[in-house]
Amino acid sequence: EVQLVESGGGLVQAGGSLRISCAASGFAASGFSFSDYVIGWFRQAPGKEQAEEVCLSSSEGTIHYADSVKGRFTISRDNAKNTVYLPINSLKSAATAVYLCAAAAVWPPTRAPAEYAFWGPGPHVPVSS
């Protein structure tokens, strides 16, 4: 089964930066390769039941950012390493959340969390004010 593992989370001060990564494995049984998947980053803030989309990337070049992160977050992917990267800059205290990467083998690329079949556990990124 496809597995996603994030890394790079941790406490950061408001205005600071960090980079989180998502490494994927286990594609043999799925019939797809990593490059076939849309990879999305979502975040779930404390007390919120729903995760909100942060950004997404497809191998054919589709990239989308939520308005709240445009200009500060930059998603990139290395299909040879089955990894997606998300440098995060100018963090605000409101950005405190668990950041989750997810994979969807759908077309066109979707922003809907329900369309993503595989999810990582997500690193917690607390932003101190």
Side-chain angles (χ1 to χ4, degrees):
E1 180 174 292
V2 175
Q3 293 186 326
L4 305 173
V5 178
E6 301 94 336
S7 60
L11 178 65
V12 63
Q13 288 188 335
S17 303
L18 80 166
R19 187 179 79 163
I20 51 179
S21 303
C22 175
S25 61
F27 295 98
S30 73
F32 297 98
S33 64
F34 178 75
S35 62
D36 293 320
Y37 284 88
V38 175
I39 303 297
W41 283 100
F42 297 82
R43 62 186 178 188
Q44 189 165 14
K48 295 288 185 68
E49 290 190 5
Q50 295 290 331
E52 64 173 3
E53 179 230 7
V54 174
C55 55
L56 63 86
S57 167
S58 74
S59 292
E60 54 78 40
T62 299
I63 293 178
H64 181 270
Y65 295 99
D67 288 342
S68 60
V69 305
K70 283 181 180 176
R72 298 184 296 112
F73 290 24
T74 307
I75 188 172
S76 64
R77 62 191 294 161
D78 185 338
N79 288 339
K81 295 182 179 180
N82 292 353
T83 302
V84 176
Y85 305 97
L86 186 65
I88 305 174
N89 298 312
S90 303
L91 277 162
K92 304 175 182 178
S93 58
T96 292
V98 174
Y99 283 73
L100 306 145
C101 74
V106 298
W107 190 261
T110 177
R111 301 165 56 191
E115 297 295 323
Y116 286 77
F118 305 104
W119 291 79
H124 186 214
V125 180
V127 182
S128 64
S129 57

(message) Nearest 0.5 Å, please: how far is CD in E1 from CD in Q3?
(response) 7.0 Å
(message) Is the shortest side-chain heavy-atom distance between C55 and L86 below 4.5 Å?
(response) yes
(request) State, to 0.1 Å, how close V38 and S58 come at their nearest heavy-atom pair, and which atoms those are. (result) CG2-CB, 4.1 Å
(message) For P126 versus G10, what's the shortest heavy-atom pair and its separation?
(response) CD-O, 3.5 Å
(request) Answer yes or no: is there a side-chain heavy-atom contact under 4.5 Å between V2 and Y37? (result) yes
(request) Compare every heavy atom of I39 with every heavy atom of Y116, then report the nearest pair and how far apart it is. (result) CE2-C, 4.4 Å
(message) Are W119 and P113 packed together at the side-chain level, in the sense that at least one heavy-atom pair is separated by less than 4.5 angstrom?
(response) yes
(request) Tell me, with the steps shown, if V84 and S21 meet side chain to side chain contact (heavy atoms under 4.5 Å, CB included). (result) CA-CA 6 Å; V84 176; S21 303; over 6 Å; no
(message) If you define the side chain from C-beta out and look only at heavy atoms, does anything of L11 sit under 4.5 Å from S128?
(response) yes
(request) Scan for salt bridge (Lys or Arg N to Asp or Glu O under 4.0 Å) pairs involving residues 20-46, sequence neighbours excluded, and state none if there are none. (result) R43-E52
(request) Answer yes or no: is there a side-chain heavy-atom contact under 4.5 Å between F27 and F34? (result) yes
(message) How long is the straight-line distance from CG of L91 back to CD of Q13, given to the nearest 0.5 Å?
(response) 11.5 Å
(request) With rounding to the nearest 0.5 Å, note down the distance linking OG in S7 to CD1 in I20. (result) 9.0 Å
(request) Output the distance between atom CG (N89) and atom CZ (R19), rounded to the nearest 0.5 Å. (result) 12.0 Å
(request) Could you walk me through whether L56 and I63 pass side chain to side chain contact (heavy atoms under 4.5 Å, CB included), step by step? (result) CA-CA 6 Å; L56 63 86; I63 293 178; over 6 Å; no
(request) Using atom types as modelled and distance alone, determine if a side-chain donor or acceptor of T96 lies under 3.5 Å from a backbone N or O of V127. (result) yes
(message) Per the ring-ring contact (aromatic ring centres under 6.0 Å, His included) rule, what does the pair list look like for residues 64-100, sequence neighbours excluded?
(response) none
(message) Checking the side chain of E6 only, and the main-chain atoms of G122 only, is there a donor and an acceptor separated by less than 3.5 Å?
(response) yes
(message) I want to check something: taking the side chain as every heavy atom from C-beta on, are V125 and L18 in contact at a cut-off of under 4.5 Å?
(response) yes
(request) Please tell me if the side chains of S17 and V12 come closer than 4.5 Å, counting only heavy atoms from C-beta onward. (result) no
(message) Run the side-chain hydrogen bond (donor to acceptor under 3.5 Å, both in side chains) test on D78 and T83 for me, step by step, so that the C-alpha distance in whole Å, both residues' side-chain angles and the decisive distance to 0.1 Å come before the verdict.
(response) CA-CA 5 Å; D78 185 338; T83 302; over 6 Å; no
(request) Any chance you could measure W41, atom CH2, to I75, atom CD1, to the nearest 0.5 Å? (result) 8.0 Å
(message) Distance check, rounded to the nearest 0.5 Å: N79 atom CG versus S33 atom OG?
(response) 7.5 Å
(request) Identify the two heavy atoms, one from A14 and one from S93, that lie closest to each other, and give their separation to 0.1 Å. (result) CB-N, 4.5 Å
(message) With a 6.0 Å cut-off (strictly less than), is the heavy-atom count around CD of E60, excluding the residue itself, greater than 12?
(response) yes
(message) Minimum heavy-atom separation for E49 and Q44, please, with both atom names.
(response) O-NE2, 2.9 Å
